[in-house]
Amino acid sequence: MEYRRLGASGIKVPALSFGAGTFGGRGELFGNWGTVGVEEARHLVDVCLDAGVTMFDTADVYSDGASEEVLGAALRGRRDKALISTKTTLPLGEDDPGGSSRSRLLRTCDAALRRLDTDHIDLYQLHAFDAGTPIEEVLSTLDDLVRAGKVRYTGVSNFAGWQLMKSLSVADHHHLTRYVAHQVYYSLVGRDYEWELMPLGLDQGVGAVVWSPLGWGRLTGRIRRGQPLPPDSRLNETASYGPPVPEELLYRVVDTLDEIAGETGRTVPQVALNWLLSRPTVATVLIGARNEKQLRENLGAAGWNLTEDQTTRLDKASTTTAPYPYFPYQRQEGFAQLNPSIVG
């Protein structure tokens with residue numbers, strides 16, 4: 001397994017990390033993701049550690065905290081061999097409005113530590129931007145958690161470019177702990193990350209932790225042009241929760257993935273994940289699994305490289321028209337000369 005710096009930090013993370021959204025399996029959304037209990041979770045953690053996958057990502061909102069509980073139990077006795085990444089900010093039930101206020105962050109961090117059965121969180125991320133809490137309050141609270149030894153590094157997830165840049169500027173101005181990670185949606189059928197957040201991450205030393213790298217389950221190799229969704233696909237129940245994907249874009253990408261899978265002797269998801277591993281700013285890609293078979297297939301995405309021609313074909317198949325103000329730089333030579341794309 002390859003290990004990479006997480007942004008401009010001193011910590012190294014594996015190129016592939018494990019997303020524990022399948023652990024616990026409570027509720028309408030997460031129950032359809034998977035219902036992995038402690039025993040099976042221990043086995044999946046065994047497989048991960050043997051393969052060099054040492055970071056495990058979860059969130060307090062996953063299965064109402066059950067994901068953190070199962071992960072903590074699965075890591076018992078070997079916590080020192082793993083990095084734990086978790087998230088907070090989203091509402092936890094009807095009586096909790098959510099947010100990143102000082103009082104709430106202190107409370108949710110302590111609760112996560114109890115559920116995870118650990119004395120520290122390696123990467124603590126804000127799951128969303130809280131527009132109602134001053135950025136100075138959020139950052140000073142996270143800084144206190146770092147100084148108290150409860151958190152090692154901080155990051156965010158699903159922030160707009162201005163929200164992340166303003167937060168970094170405030171941290172610099174007040175000499176507070178800086179975000180080193182941004183957990184983002186990025187896939188061959190969702191490349192919006194490249195337009196603003198990727199250049200920001202490259203400039204500011206913020207590494208990408210990629211969620212849903214298979215396009216919310218669309219790039220598993222089971223979805224084909226002109227065929228209905230498999231009856232056991234989670235998309236039947238959860239498509240409305242995830243990022244939308246135009247059908248023609250999906251089928252164009254899947255057709256190209258099929259071709260390259262045949263050329264390389266790899267599977268469709270392995271090719272899709274490998275493409276991500278070569279992208280600028282990507283520190284780690286989160287892979288999920290309901291069972292050992294899925295996990296081992298996803299692990300096969302690491303340790304090899306696509307050719308330049310194969311990468312170019314995937315780039316072409318997955319290209320869409322950029323939104324304003326980016327499309328002039330994509331389509332007009334004069335703009336592109338002044339501000340060339342990072343990924344070509």
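Side-chain atoms are counted along with the backbone in the values below, which use heavy atoms only and exclude waters and symmetry mates. What you are looking at is a predicted structure, and each value in this text was computed from that prediction instead of being measured.
Nearest heavy atom pair, residue Pro91 against residue Pro97, reads CG-O, 3.6 Å. When all heavy atoms are compared, the tightest approach of Thr58 to Ser67 is OG1-OG, 2.7 Å. Nearest heavy atom pair, residue Ile121 against residue Leu116, reads CG1-CD1, 4.3 Å. Shortest non-hydrogen contact noted between Arg225 and Arg252 is NH2-N, 3.7 Å. When all heavy atoms of Met1 and Pro14 are compared, the pair lying nearest together is CG-CB, 3.8 Å.
Ion pairing of Arg42 with Glu40 is absent here, as no side-chain N (NZ or NE/NH1/NH2) approaches a carboxylate O to less than 4.0 Å. Ion pairing of Lys87 with Asp57 is present here, as a side-chain N (NZ or NE/NH1/NH2) and a carboxylate O approach within less than 4.0 Å. Ion pairing of Asp144 with Lys150 is absent here, as no side-chain N (NZ or NE/NH1/NH2) approaches a carboxylate O to less than 4.0 Å. Here Arg178 does not pair with Asp143 in a salt bridge; the nearest charged N to carboxylate O distance is not below 4.0 Å.
Side chains of Ser85 and Gln125: a donor-acceptor N/O pair is present below 3.5 angstrom, by distance only. Looking at Thr267 and Glu297, their side chains do bring a donor and an acceptor atom within 3.5 Å of each other. Between the side chains of Asp130 and Ser100, no donor-acceptor pair of N or O atoms lies under 3.5 Å.
For an aromatic pair to be called close, the ring centres must be under 6.0 Å apart, and Tyr124 with Tyr179 fails this.
Identified under the salt bridge (charged side-chain N to carboxylate O under 4.0 Å, His left out) test for residues 304-324, with sequence neighbours left out: Glu259-Arg313, Glu263-Arg313, Arg279-Asp315, Asp309-Arg313. The ring pair (Phe, Tyr, Trp, His ring centres under 6.0 Å) contacts involving residues 255-302 comprise Tyr186-Trp275, where partners must be two or more places apart or lie in separate chains.
Clustering of Ile, Leu, Val, Met, Phe, Trp and Tyr side chains at separations under 4.5 Å places Trp195 together with Tyr326.
Each of Asp258, Thr256, Leu257 was compared with Ile260 under the side-chain contact (heavy atoms from CB on, under 4.5 Å) criterion, and only Thr256 meets it. Of the candidates Thr281, Leu168, Val156, Leu168 is the only one forming a side-chain contact (heavy atoms from CB on, under 4.5 Å) with Val206. Results of the side-chain contact (heavy atoms from CB on, under 4.5 Å) test with Glu68 over Thr86, Ile84, Leu113, Thr118 single out Thr86 as the only residue that passes.
Of the possible donor and acceptor atoms, none in the side chain of Arg266 sits under 3.5 Å from a partner among the backbone N and O of Asn274.
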